[in-house]
Protein chains: 2
Amino acid sequence: MRKGEETRAKILDAAEISVLAKGFGATSIDELIAETGITKSGFFYHFRDKNELAKALLERYVENDERIYDEIFSRARELADDPLQAFLLGLKLLSELLSDLPNGHPGCLVAVICSHERAFDRDIQEINRQAALMWRRRFGAMFRDIMQVYRPREPLDVDQLADMVSTVIEGGIILSKALKEPKNLPAQLLVFRTFIRLLFQPAAS
Amino acid sequence: MRKGEETRAKILDAAEISVLAKGFGATSIDELIAETGITKSGFFYHFRDKNELAKALLERYVENDERIYDEIFSRARELADDPLQAFLLGLKLLSELLSDLPNGHPGCLVAVICSHERAFDRDIQEINRQAALMWRRRFGAMFRDIMQVYRPREPLDVDQLADMVSTVIEGGIILSKALKEPKNLPAQLLVFRTFIRLLFQPAAS
DNA sequence: GCGAAAACTGTACCGACGGTAGGGAAACGG
DNA sequence: CCGTTTCCCTACCGTCGGTACAGTTTTCGC
């Protein structure tokens with residue numbers, strides 16, 4: 001029972017690394033069982049097929065992602081009383097965390113799934129959608145808090161502003177990879193941070 | 001000679017649609033030859049292997065991409081004398097163009113390659129990198145023009161600002177797909193446009 | 001410590017796919 | 001009409017995802 005989850009986790013660990021590096025199609029089951037020291041039958045005991053592996057992988061990834069955001073922004077909230085300052089601090093903390101990853105961000109599974117779209121069933125696409133909606137809700141709540149204190153210099157839709165956070169992160173991951181400049185993602189986050197500061201900065205200079 | 005290029009183009013057309021929809025791994029050669037009415041030998045006459053197909057696909061995609069940007073921003077430049085106004089207009093035109101696509105942006109091949117990274121050889125990764133660098137140069141030049149006339153309200157690195165354009169586009173494509181909201185990408189572009197307007201807006205209101 | 005369930009192993013097999021090899025044949029251009 | 005380009009045909013190989021199923025070990029609750 002607990003042993004089973006351990007093996008399952010080992011498979012998922014190996015799969016995540018490989019999928020983020022090579023894509024889902026190029027990640028073979030044979031390769032995963034070789035790395036985890038399990039047999040093919042053992043693999044299919046845990047996952048009915050490759051699609052279920054993808055599903056489990058994505059679910060785990062999204063959970064972990066949420067946990068990291070929870071940690072960072074709750075810590076930022078503790079350190080700053082003002083909602084705007086807390087958000088700006090959160091972005092900074094996130095940028096620093098990403099900057100400390102030696103090889104840059106390994107890649108976002110949500111984006112990988114998007115690039116493969118029709119290769120997966122609706123279950124997976126729905127998990128993906130829910131993940132993006134969670135981001136929207138999370139950052140949307142923060143912007144609503146900010147707007148109770150500060151008036152934006154330009155009227156902007158809260159949801160679109162919240163989506164912009166995810167957009168910059170996802171886009172930053174891709175650009176970092178394409179350019180082979182791991183520092184690009186944290187840098188982009190800081191540029192976005194400047195935009196937010198500008199947006200809520202009082203009109204008088 | 002011309003017949004050959006025609007067939008080649010037909011293969012690339014089918015491949016591009018399929019790759020953007022399902023990813024590269026899930027796009028089978030058998031499927032491509034069925035759609036183009038060619039035989040397997042015929043396919044391998046045009047492309048030594050799947051990797052060369054990817055390379056040709058990416059090269060064609062990047063060229064087309066550049067052409068579209070050229071058109072939009074040169075038209076914007078004709079309509080507006082001021083570099084800032086021209087850029088803002090260009091973003092608006094781009095947003096409208098993306099908004100008119102009935103099923104949303106089909107996906108960016110550069111991003112797909114990034115998600116598959118290690119599955120491709122260095123040639124392809126280099127083409128990808130050069131494409132991202134071209135974007136940086138293109139938008140960097142625009143921002144430099146703008147900065148000769150306007151002083152940004154916050155000091156920002158020109159390259160990072162230029163990368164932000166690509167970041168928003170790539171991130172917007174992913175978010176649009178994840179959320180299944182095709183209008184998300186053009187909306188994000190307009191949010192970014194607001195940020196740029198804010199950045200270069202004179203301090204006095 | 002025992003029995004049942006959980007967690008595997010082993011073997012044999014299947015179809016689809018990427019790719020190779022090589023011998024052609026139609027189409028076209030000069 | 002000759003040669004190159006462009007493609008077809010057949011046969012084959014290894015890998016991969018997946019199935020089937022019987023057998024074995026490990027683990028855990030009682």
Side-chain angles (χ1 to χ4, degrees), chain A residues 1-58 60 112-113 115-121 123-124, chain B residues 1-58 60 112-113 115-121 123-124:
Chain A
M1 271 179 177
R2 230 187 29 260
K3 177 78 186 307
E5 281 168 30
E6 209 175 279
T7 306
R8 213 181 130 95
K10 269 208 311 202
I11 297 173
L12 288 173
D13 285 341
E16 185 168 323
I17 293 170
S18 185
V19 167
L20 289 178
K22 304 189 297 185
F24 199 75
T27 298
S28 74
I29 294 176
D30 284 0
E31 168 198 340
L32 296 179
I33 67 178
E35 244 167 86
T36 52
I38 211 178
T39 60
K40 209 167 183 177
S41 318
F43 175 89
F44 284 107
Y45 171 77
H46 287 287
F47 305 98
R48 201 180 310 126
D49 50 30
K50 226 184 167 189
N51 194 78
E52 220 183 57
L53 171 69
K55 195 170 154 189
L57 212 55
L58 182 59
R60 202 181 69 147
V112 171
I113 303 281
S115 307
H116 291 192
E117 229 181 350
R118 302 219 177 280
F120 297 107
D121 61 15
D123 259 18
I124 290 188
Chain B
M1 270 184 176
R2 225 184 37 257
K3 178 78 185 308
E5 280 168 32
E6 210 176 280
T7 307
R8 212 181 130 94
K10 268 208 311 203
I11 296 173
L12 288 174
D13 285 340
E16 185 168 323
I17 293 170
S18 184
V19 167
L20 288 178
K22 304 189 298 184
F24 200 75
T27 298
S28 74
I29 294 175
D30 284 0
E31 167 197 340
L32 296 179
I33 67 179
E35 245 167 85
T36 53
I38 212 178
T39 60
K40 209 165 183 177
S41 317
F43 175 89
F44 283 107
Y45 169 78
H46 288 287
F47 305 98
R48 202 179 311 125
D49 51 30
K50 227 185 166 188
N51 194 77
E52 220 183 57
L53 171 68
K55 195 171 155 186
L57 212 55
L58 182 59
R60 202 181 69 147
V112 171
I113 303 280
S115 307
H116 291 191
E117 230 182 351
R118 301 221 178 280
F120 297 106
D121 62 15
D123 259 18
I124 291 187

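Remember, it's a predicted structure, so these values are computed and weren't measured experimentally.
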Gap between atoms [atom1] and [atom2], on [X] and [N] respectively (whole Å):
X: B:Leu32; N: C:dG18; atom1: CG; atom2: C1'; answer: 12 Å
X: A:Ile11; N: C:dA7; atom1: CD1; atom2: C1'; answer: 11 Å
X: A:Ile33; N: C:dA7; atom1: CD1; atom2: C1'; answer: 16 Å
X: A:Glu6; N: C:dA7; atom1: CD; atom2: C1'; answer: 12 Å
X: B:Tyr45; N: C:dG18; atom1: OH; atom2: P; answer: 22 Å
X: A:Arg8; N: D:dT26; atom1: CZ; atom2: P; answer: 22 Å
X: A:Phe24; N: D:dC16; atom1: CZ; atom2: P; answer: 15 Å

In chain order, what residues pass the side chain to side chain donor-acceptor pair (under 3.5 Å) check against B:Asn51, with sequence neighbours excluded? B:Asp121
Could you give the angle between the helix axes at the two ends of the helix from C:dG1-D:dC30 to C:dG30-D:dC1, with five pairs per end, rounded to 10 degrees? 30°
Among residues two or more places apart or on two chains, list those pairs meeting side-chain hydrogen bond (donor to acceptor under 3.5 Å, both in side chains) that have a residue in residues 11-21 of chain B. B:Asp13-B:Arg60, B:Glu16-B:Arg60, B:Ser18-B:Thr27, B:Ser18-B:Glu31
Can you find a side chain N or O atom of B:His46 that sits less than 4.0 Å from OP1 or OP2 on D:dT6? no
At under 4.0 Å, does any side-chain N or O of A:Thr7 touch on OP1 or OP2 of C:dA7? no
Is it the case that the side chain of A:Lys50 and the backbone of A:Phe24 share a donor-acceptor pair, with hydrogens and angles ignored and the cut-off at 3.5 Å? yes
Are any protein N/O atoms closer than 3.5 Å to N/O atoms in nucleotides 18-21 of chain D? If there are, list each pair with its distance.
residue : atom : partner : partner atom : Å
D:dG18  : OP2  : A:Lys50 : N            : 2.9
D:dG18  : N7   : A:Lys40 : NZ           : 3.3
D:dG18  : O6   : A:Lys40 : NZ           : 3.3

Set of residues satisfying side-chain contact (heavy atoms from CB on, under 4.5 Å) with respect to B:Lys10, sequence neighbours excluded: B:Thr36
Looking at residues at least two apart in the chain, or sitting in another chain, which of them share a side-chain contact (heavy atoms from CB on, under 4.5 Å) with A:Lys55? A:Glu59, A:Asp123, A:Ile124, A:Ile127
